Amino acid sequence: MDEKYFAQKIERKWQRLWRERGTFEAVPDEKKPKFYCLEMLPYPSGKLHMGHVRNYSIGDALSWYKRLQGFNVLHPIGWDSFGQPAEQAAIKQGVNPRDWTEENIKQMRSQLQTLGISYDWSREIAAHRPDFYKFDQWFFLKMLEIGLAYRKNSEVNWCPHCETTLSNEQASGGVCWRCGTHVEKQMRSQWFLRITKYADELLEDMSQIEDGWAERVLTMQRNWIGRSKGAYVEFNVQNSEFKVKVFTTRIDTIYGANSIVLAAEHPFVQGNLDEFSGEVQDKVDEIIAEHAKPKDYGEEVEKDGIDTAMKAINPFSGEEIPIWIGNYVMMGYGTGAVMSVPGHDERDFEFAKKFELPIRQVIKPAVDAVDGEENAPLTEAFSEKGVLVNSDSWNGKTSKEAIALMTDFAETNGFGEGATTYRLRDWGISRQRFWGAPIPIIYCDSCGPVPVPFEQLPVELPESAPFTGIGESPLSKVDEFVNSICPKCEGPGRRETDTMDTFVDSTWYYFRYTDPKNTEMPFEPKTANYWLPVDQYIGGIDHAVMHLLYTRFWTKMMRDIGLVEFDEPATKLLTQGMVVAESFYSKAKESYVFPDDVVIERDETGKVLGAKLADGSPVRVAVEKMGKSKLNGVDPNDMISIYGADAVRTFSMFAAPVENELVWQETGIDGAVRFLQRVWRFVYKWKTENANWTADENSADLSKLEFDERAKNLRRKTHQTIQRITENFESGQFNTPVAALMELSNAMYDLKVEPKTATEGDLYAVREACKSLTLMLTPYAPHVAEELWEAIMGNETGILESDARFPVSDEEVAKEDEVEIAVQVNGKLRARVKAVAEVTKDELEQLALADGKIQEYTNGKEIVKIIVVPGRLVNIVVR
RNA sequence: GCCGGAGUGGCGAAAUUGGUAUACGCACUAGACUCAAAAUCUAGCGGGCUUAACGCCCAUGUCGGUUCGAGUCCGACCUCCGGCACCA
């Protein structure tokens with residue numbers, strides 16, 4: 001052990017030793033409880049950013065903690081290495097995407113190793129390698145077999161910037177998830193995965209994970225799936241054999257329907273265009289054009305529509321009502337047709353007002369309205385449930401009863417049925433890209449689309465392709481790839497040139513970690529069932545819907561084909577907050593400026609008054625996502641080489657709870673460095689100045705040791721700290737343990753015993769504190785911890801090889817023998833009294849009443865009651 | 001609009017789940033050491049009042065409520081963040 005803490009030196013040393021010893025390689029072991037700790041796999045951009053550092057620091061802390069608790073921990077890493085940036089690099093720089101990707105992986109791997117994350121590198125995987133994507137294709141063929149994969153010509157989301165189709169999830173909010181461009185609609189034939197088959201299960205199985213997943217994630221998924229229960233009702237069209245089917249969640253309001261409103265894209269409209277007037281045809285065109293236009297978020301569009309002059313018959317009342325076309329009815333939801341009930345739906349109300357259509361009240365509030373109000377014209381839609389009025393024989397029924405009875409009635413009479421609709425759509429996975437897993441299909445003129453036989457997998461990507469950035473996917477221009485033989489008739493065939501959405505790779509990559517070298521199967525079910533489900537998954541909230549929904553679906557699919565035995569892939573999910581930093585914008589220069597060029601002005605309390613440039617011009621300070629253009633990005637490599645990986649990791653865990661946004665401030669990290677140095681100096685001093693330092697403490701008889709007050713206090717603090725930190729880790733709190741460790745190290749300094757003159761008791765207490773502190777520090781700063789461990793124990797065994805365990809607190813030692821009790825009068829703190837820990841309630845009461853200060857407040861007053869909370873406080877209520 | 005989450009010092013944040021609010025760290029101030037600086041150590045650090053040692057009052061977004069006692073529970077409101085959205 002050196003006198004000075006030199007981070008880089010010991011970090012390199014332990015990273016080498018861990019690698020040589022295979023310290024983190026995981027082997028299934030039925031005798032040990034398993035723990036699968038997983039962080040979302042990175043895209044190999046070539047550069048680690050602070051978000052990665054935070055993500056992996058959290059996972060690593062938990063992995064170390066669990067290892068020290070005796071768990072068999074699997075902590076793997078891999079690369080989400082298919083995707084757009086590699087293809088962009090090919091287009092712009094003329095490099096081969098494969099070489100570009102491999103080079104990036106190499107760089108990022110070395111950066112991760114510099115950070116000292118305890119991965120089992122022997123299980124590393126990469127999505128772009130044929131041994132991995134072979135099984136993307138394998139899964140696709142399986143799903144084709146059981147009807148979960150299918151091809152369909154339909155309107156799909158198209159990102160004009162990325163020039164590819166997108167799934168609904170990736171086009172959420174009408175913009176491309178990757179570049180933010182407004183998506184367009186395009187007719188295209190593409191492959192879909194039938195995720196909708198699992199819609200109900202995806203909702204209902206949330207009960208299995210609701211304890212471990214953040215509520216907001218489940219809410220987002222629930223909203224996204226968007227299940228609503230209601231009924232289909234068919235309206236006959238007058239003088240026509242057509243029927244119009246509507247979906248409604250409020251069949252109880254059907255007597256209030258004043259019209260049927262159709263989407264402009266509705267087949268009934270499109271099929272009867274010729275029969276409509278020119279005016280109607282123009283309106284239809286206008287609405288369709290308007291729908292295709294990009295809309296701003298939150299933008300309200302004015303209701304518009306037109307009467308088709310056709311009539312529909314209300315199957316309940318027999319009433320004849322007009323059929324309209326309305327811009328507010330969407331073809332993509334329900335049936336693309338609604339019954340308009342202006343009295344009880346806000347949108348219908350607005351529509352009816354605009355076109356002066358009749359508004360009828362058919363539901364009244366369950367609690368009787370004020371006299372006369374029932375017949376007064378509605379000034380707004382009453383969209384709550386209530387009691388039916390103006391509805392023939394249904395009058396007087398509650399909405400709830402009526403919904404059930406009227407649905408039955410419609411069913412019995414053949415003009416409707418109960419139904420559930422979803423917002424969720426099947427997952428379109430075709431992408432017009434080169435750098436992805438080829439979809440294993442061959443198109444044959446006589447046999448149609450034919451799946452590639454399993455034995456012929458993988459369908460490998462060609463070495464290269466012409467990357468021009470224009471026209472169709474580069475794959476379609478590689479003749480050797482495209483030209484093929486039909487597996488069925490052996491005639492000429494053309495390969496599918498679309499590749500799979502890269503989200504396919506990330507749906508199941510972490511199953512592959514359990515058996516990464518398997519060439520026959522994606523993984524051995526037995527092995528996967530040992531390690532999975534994931535015990536803790538850690539990643540960004542941005543994947544709340546896309547990745548996390550897909551992977552839940554995939555798990556259920558794998559269960560159904562017999563690969564796994566559980567329903568949900570991860571029992572706990574932690575969504576970490578973003579790492580952000582202060583950015584500085586100069587109005588005078590109309591650009592962001594480097595933090596180093598900014599002078600911060602403060603008052604004497606340290607409050608920031610403002611920021612200026614050297615020339616005095618003001619600078620706006622904001623906390624924003626890190627980015628190149630904002631000049632506020634922080635390079636983890638720089639941080640590590642300045643402060644060391646341990647300090648960077650400790651600070652990133654200490655500065656904020658993991659779910660919160662983390663504001664990266666370089667001054668903050670100094671605190672972490674100081675803390676590590678303090679611990680280091682303490683151990684160094686004792687090790688070098690106390691001759692008995694590394695003697696085996698087991699040879700000392702604990703019962704014969706004498707501890708004076710100071711040593712006792714230190715031991716108490718040590719054991720209390722163990723208690724606190726264990727509780728924190730168990731509840732997923734990672735910032736407060738660092739604070740607790742700092743407190744413990746402060747207590748060690750407070751001992752003020754010189755190593756040279758220490759008694760045996762002192763030495764024991766100090767060694768106990770040092771050992772405990774070191775082991776509890778391991779999850780945050782494993783390199784320093786290993787080095788300290790070596791110094792404390794006096795040998796060269798690593799922490800895990802030494803069979804060390806996370807310290808366990810001794811309750812007897814942790815217990816305070818004297819407690820401070822707060823004494824309140826009428827709930828206000830008036831005094832503090834000291835008492836032995838075992839003090840009884842009565843004694844406490846007497847003690848409190850005897851206090852001079854308290855007597856001042858109670859003199860001459862009547863004591864109403866006294867509340868005693870053992871070990872905490874006494875509250876005297878006086879009048 | 002609907003759903004979810006959050007508001008605590010100059011800042012990041014703690015608070016055993018209803019029991020001494022502001023732990024720990026950053027920043028700041030003063031002192032020690034030093035020729036000096038850095039580093040380190042020591043002390044102070046929510047606001048106001050006070051006769052300044054003792055002590056009092058007010059403070060966890062706002063206003064109410066429950067309770068002996070509320071940052072924590074309940075009701076209403078304000079603000080911010082996130083998600084979804086003519087979803088029928």
Side-chain angles (χ1 to χ4, degrees), chain A residues 172-174 214-224 226-228 230 246-250 253 261 295 297-303 326-330 332-341 345-348 350-351 383 421-423 541-542 544-545 600 602-609 651 654-657 659-672 674-675 677-678 681 723-724 727 733 735-743 745-746 749 820-832 853 864-878:
Chain A
S172 170
E215 182 55 39
R216 58 176 172 163
V217 174
L218 297 179
T219 305
M220 281 189 228
Q221 293 205 358
R222 221 174 271 127
N223 289 344
W224 187 261
R227 176 163 73 182
S228 74
V246 305
F247 176 72
T248 176
T249 54
R250 292 297 301 276
T253 65
V261 184
K295 249 195 299 173
Y297 218 57
E299 187 187 330
E300 282 268 324
V301 179
E302 204 194 327
K303 300 268 178 303
N327 66 342
Y328 73 103
V329 180
M330 301 292 137
Y333 187 77
T335 61
V338 301
M339 60 178 204
S340 182
V341 185
D345 181 282
E346 272 173 53
R347 294 151 300 174
D348 296 342
E350 213 184 302
F351 193 69
S383 51
T421 59
Y422 302 87
R423 215 178 85 98
I541 186 72
D542 37 332
V545 172
I600 311 269
R602 298 169 188 276
D603 68 7
E604 64 284 358
T605 65
K607 185 180 178 181
V608 175
L609 297 172
F651 173 66
F654 170 62
E659 285 92 356
N660 287 22
E661 197 168 75
L662 170 63
V663 183
W664 189 265
Q665 278 180 323
E666 222 163 310
T667 50
I669 197 171
D670 288 332
R674 260 174 243 166
F675 162 60
Q677 282 173 338
R678 267 165 74 82
R681 277 200 305 273
Q723 247 169 29
R724 264 175 74 183
E727 276 167 27
Q733 215 174 348
N735 55 334
T736 44
V738 181
L741 291 174
M742 287 172 171
E743 280 185 50
S745 85
N746 290 345
Y749 275 90
E820 197 187 60
I821 305 291
V823 184
Q824 301 179 329
V825 177
N826 286 350
K828 284 204 191 256
L829 180 70
R830 294 302 177 189
R832 296 182 170 90
K853 191 86 200 306
V864 183
K865 70 170 156 178
I866 301 178
I867 289 125
V868 182
V869 184
R872 298 226 152 261
L873 59 68
V874 178
N875 188 12
I876 301 161
V877 186
V878 298

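Chain naming here is simple, since letters A, B, ... match the order of the sequence lines and numbering starts at 1 in each. The basis for the numbers below is simple: all heavy atoms, side chains too, and nothing from hydrogens, waters or symmetry mates. Since the structure is predicted, the reported quantities are computational estimates derived from the model, not experimental observations.
Note on T736(A): every side-chain N or O is 4.0 Å or more away from OP1 and OP2 of A13(B). Between R222(A) and C84(B), a side-chain N or O to OP1/OP2 separation shorter than 4.0 Å is absent. A sub-4.0 Å separation between OP1 or OP2 of A23(B) and a side-chain N or O of R724(A) is absent. For R678(A), no side-chain nitrogen or oxygen approaches OP1 or OP2 of U40(B) to under 4.0 Å. The shortest distance between the side-chain N/O atoms of T219(A) and the OP1/OP2 oxygens of C84(B) is not below 4.0 Å. Of the side-chain N and O atoms in N223(A), none sit less than 4.0 angstrom from OP1 or OP2 of C2(B).
Between the NZ atom of K303(A) and the C1' atom of G1(B) there is a distance of 11 Å, given to the nearest Å. Taking atom CD on E743(A) and atom P on A13(B), their separation rounds to 18 Å, with Å as the unit. Spacing between atom OH of Y333(A) and atom C1' of A88(B) amounts to 7 Å, rounded to whole angstrom units. Nucleotide G4(B) holds its C1' atom 14 Å from the CD atom of Q221(A), rounded to whole Å. Atom CZ in R674(A) sits about 9 Å away from atom P in C41(B), given to the nearest Å. In this structure, the CZ atom of R216(A) is 7 Å from the C1' atom of G82(B), given to the nearest Å. With rounding to whole Å, K828(A) atom NZ is found 15 Å from U20(B) atom P. Distance, E350(A) CD to G1(B) C1': 12 Å, rounded to whole Å.
Within the 4.0 angstrom heavy-atom criterion, only backbone atoms of the sugar-phosphate kind lie near V877(A); the bases stay farther away.
The Q733(A) side chain lies nearest to A15(B) when the options are G19(B), A15(B), C86(B). Of the candidates U40(B), A27(B), C87(B), U40(B) carries the atom nearest the R681(A) side chain, counting heavy atoms from C-beta on. Closest to the side chain of F654(A), from the set G12(B), U20(B), C86(B), is G12(B). The side chain of V869(A) approaches G19(B) more closely than any other nucleotide in the set G19(B), C57(B), A13(B). Checked against C57(B), U20(B), A88(B), the side chain of T248(A) finds its nearest nucleotide in A88(B). Taking every side-chain heavy atom of A656(A) into account, A13(B) is the closest of G4(B), C87(B), A13(B). Of the candidates U40(B), A13(B), A88(B), U40(B) carries the atom nearest the Q677(A) side chain, counting heavy atoms from C-beta on. Side-chain proximity of M220(A) to the nucleotides G82(B), A27(B), A88(B) is greatest for G82(B). Considering only the side chain of T667(A), A27(B) comes nearest among C87(B), A27(B), C24(B). Out of G19(B), A21(B), C24(B), the shortest distance to the side chain of L873(A) is found at G19(B).
Nucleotide U42(B) forms a Watson-Crick or G-U wobble pair with A30(B), both donor-acceptor distances falling under 3.5 Å. When both pairing distances are held under 3.5 Å, C68(B) makes a Watson-Crick or G-U pair with G19(B). A 3.5 Å limit on both hydrogen-bonding distances identifies G61(B) as the Watson-Crick or G-U partner of C77(B). Nucleotide G82(B): paired with C3(B) (Watson-Crick or G-U wobble, both distances less than 3.5 Å). Pairing of A37(B), defined by two Watson-Crick or G-U wobble distances under 3.5 Å, is not identified with any nucleotide. Nucleotide C56(B): paired with G48(B) (Watson-Crick or G-U wobble, both distances less than 3.5 Å). Across all strands shown, C24(B) forms a Watson-Crick or G-U wobble pair, both distances under 3.5 Å, with G12(B).
With hydrogens and angles left out, the side chain of N875(A) and the base of C68(B) share a donor-acceptor pair within 3.5 Å. Between the side chain of Q824(A) and the base of U20(B), no donor-acceptor pair of N or O atoms lies under 3.5 Å.
Side-chain atoms of T736(A) and F654(A), non-hydrogen and from C-beta on, never get closer than 4.5 Å to each other. Annotation: side chain of V823(A) is in contact with side chain of I876(A) (closest heavy-atom distance under 4.5 Å). Between S172(A) and W224(A) the shortest side-chain heavy-atom distance falls below 4.5 Å.
Comparing V663(A) and W224(A) against RNA chain B, the residue whose closest nucleotide sits nearer the 5' end is V663(A). Along RNA chain B, the nucleotide nearest to M742(A) and the one nearest to E346(A) differ in position, and the one closer to the 5' end is contacted by E346(A).
Under the 3.5 Å distance criterion, the side-chain polar atoms of R250(A) are left unmatched by any main-chain donor or acceptor of D345(A). D348(A) contributes no side-chain N or O that, together with a main-chain N or O of V338(A), makes up a donor-acceptor pair within less than 3.5 Å. Remark: side-chain polar atoms of N735(A) are not paired, donor with acceptor, to backbone N or O of A655(A) under 3.5 angstrom. For E820(A) (side chain) and R832(A) (main-chain N/O), no donor-acceptor pair under 3.5 Å exists by modelled atom type.
Distance check on atom P: G25(B) versus C45(B) gives 15 Å, rounded to whole Å. Distance noted for atom C1' between G71(B) and U67(B): 16 Å (whole Å). G75(B) and A23(B) have their C1' atoms separated by 32 Å, given to the nearest Å. Annotation: C3(B) and A14(B) have their P atoms spaced 28 Å apart (nearest Å). Comparing G18(B) with C73(B), their P atoms are spaced 8 Å from each other, to the whole Å.
Remark: R216(A) pairs with A214(A), I541(A), T575(A) by the side-chain contact (heavy atoms from CB on, under 4.5 Å) rule, at least two apart or across chains.
Glycosidic conformation at U20(B) (O4'-C1'-N9-C4 for purines, O4'-C1'-N1-C2 for pyrimidines): anti, more than 90° from 0. With a glycosidic angle no further than 90° from 0, G9(B) counts as syn.
Residues R678(A) and N746(A) have side chains that bring a donor and an acceptor to within less than 3.5 angstrom of each other.
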